[in-house]
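What follows is a short report on a single structure.
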Amino acid sequence: MGLCCCTFLTPIGACLGCSSWCCAKNLDSEKIGQFRYVAAALLVIGIFGLYLPLAVLCARVKGAPWEIYPTSGECWSEALDAGAYYKLGIAAGLCIGAGATGFIVTQILYRNQSARSLDSEALKESTPFAKV
């Protein structure tokens, strides 16, 4: 159930990550940069802190050698009862989805904000009346 939850909740986490656009679009570039590091940390925690242990634990449940993306076994059960590691799968899917999308969105906002600030500085320098 854990890998099933991880797979199906990653797109939901990606939708949550898109909300970073609304949260960060009016911030200055320094705050957007900090927001970007939070999203990157969420992605790293999701992959290395939650997904990899989930894959290892799921391999141990079915007694198979470890795989990066196991495709069968109890961790893929879709039963209504609580299957193996479903809470870890939920957390991994949400962190990976929100972290990846949040990082991409905040990176776009950061680049746009930096370009706007450079353009405004260049405009101030090129205006002859600004140097009076």
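The analysis underlying the following values was restricted to heavy atoms, covering all of them including side chains, and did not include hydrogens, waters or symmetry mates.
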**Q.** Those residues that, when tested against Ser19, pass side chain to side chain donor-acceptor pair (under 3.5 Å) (two or more places apart)
**A.** none

Q.
Just to verify, what does Gln34 make a side chain to side chain donor-acceptor pair (under 3.5 Å) with, not counting sequence neighbours?
A. none

Q | Residue pair Leu88 / Pro53: nearest heavy atoms and the distance that separates them | A |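 Of all heavy-atom pairs spanning Leu88 and Pro53, the closest is CD2-C, 4.4 Å.
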
Q. What's the shortest heavy-atom distance between Cys6 and Ala92, and which atoms?
A.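 Nearest heavy atoms, Cys6 then Ala92: SG-CB, 3.9 Å.
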
Please answer: with hydrophobic residues joined when any side-chain heavy atoms are less than 4.5 Å apart, are [X] and [Y] in the same cluster?
X	Y	result
Tyr85	Phe48	yes
Tyr86	Ile12	yes
Leu42	Ile47	no
Val44	Ile96	yes

Could you tell me whether the side chain of [Y] reaches within less than 4.5 Å of the side chain of [X], counting heavy atoms only?
X	Y	answer
Arg36	Phe103	yes
Leu52	Val56	no
Leu54	Leu50	no
Leu3	Phe8	no

Which value, rounded to the nearest 0.5 Å, describes the distance between [X] atom [atom1] and [Y] atom [atom2]?
X	Y	atom1	atom2	value
Cys95	Ile90	SG	CD1	11.5 Å
Cys23	Phe35	SG	CZ	5.0 Å
Leu27	Tyr110	CG	OH	13.0 Å
Ile104	Gln107	CD1	CD	9.5 Å

Q | Asn26: partners by side-chain contact (heavy atoms from CB on, under 4.5 Å), with sequence neighbours left out | A | none

**Q.** The single option from Val105, Ile32, Leu109 passing side-chain contact (heavy atoms from CB on, under 4.5 Å) against Lys25
**A.** Leu109

